Amino acid sequence: MMIIFQLKAQENLLGIIFPNYDELSLVEKRLVQYMYNTGEHLTTSKAINIVNRSRSNVSKILGNLRALGIVEWFGSSPRDKRQYYKLNL
């Protein structure tokens with residue numbers, strides 16, 4: 001019961017930080033929660049492992065989160081092997 005309460009409290013907090021959080025898909029929410037809970041940046045490869053989706057699907061998801069202003073992209077080019085995403089807090 002305590003875990004459910006903590007998850008709900010976290011969802012409420014993320015909803016305050018990101019007003020459009022409730023409109024995100026479950027996969028998008030999972031990636032946002034991962035970055036929020038760990039404080040880590042997220043690479044496309046790491047996101048693929050977290051949500052078990054294809055590279056093209058994960059790239060679209062991260063692109064949508066970027067377009068919504070939830071994450072910020074860091075890299076020198078789209079093919080940069082060191083590119084990553086961070087929560088836009």
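This structure is a prediction, so every number in the text was calculated from the model and none was measured.
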For Tyr85 and Met35, the nearest pair of non-hydrogen atoms, with its separation, is O-SD, 3.9 Å
Rounded to the nearest 0.5 Å, the CZ atom of Arg53 sits from the CG atom of Leu31 at a distance of 9.5 Å
My understanding is that only residues two or more places apart in sequence, or in another chain, count here; which of them pass ring-ring contact (aromatic ring centres under 6.0 Å, His included) with Phe18? none
Using only atom types and a distance under 3.5 Å, with no angle test, would you say the side chain of Gln83 pairs donor to acceptor with the backbone of Pro78? yes
Tell me every residue that passes side-chain contact (heavy atoms from CB on, under 4.5 Å) with Ser76, counting only those two or more places apart in sequence or in another chain. Asp80
Taking everything shown except Leu26 itself, do over 12 heavy atoms lie less than 6.0 Å from its CG? no
Test of understanding: clusters of I, L, V, M, F, W, Y form through side-chain heavy atoms closer than 4.5 Å, transitively. Do Tyr36 and Ile16 belong to the same one? no
Students often mix this up, so state it plainly: with edges at 30° and 60°, are the rings of Tyr84 and His41 parallel, tilted or perpendicular? tilted
What donor-acceptor contacts under 3.5 angstrom involve side-chain atoms of residues 56-72, with partners at least two apart or in another chain?
{"from": "Ser56", "atom 1": "OG", "to": "Ser54", "atom 2": "OG", "distance (Å)": "3.4"}
{"from": "Ser59", "atom 1": "OG", "to": "Arg55", "atom 2": "O", "distance (Å)": "3.0"}
{"from": "Asn64", "atom 1": "ND2", "to": "Glu28", "atom 2": "OE2", "distance (Å)": "2.4"}

Residues Glu40, Tyr34; criterion side-chain contact (heavy atoms from CB on, under 4.5 Å); working and verdict: CA-CA 8 Å; Glu40 294 180 11; Tyr34 175 85; 2.9 Å; yes
Approximate separation, where rounding is to 0.5 Å, of Arg30 CZ and Asn52 CG: 8.5 Å
Please name the pair of heavy atoms, one in Tyr21 and one in Lys29, separated by the smallest distance, quoted to 0.1 Å. O-CE, 3.3 Å
Connected via hydrophobic side-chain network under 4.5 Å: Ile17 and Val32: yes
Should we count CG of Asn20 as having more than 12 external heavy atoms under 6.0 Å? yes
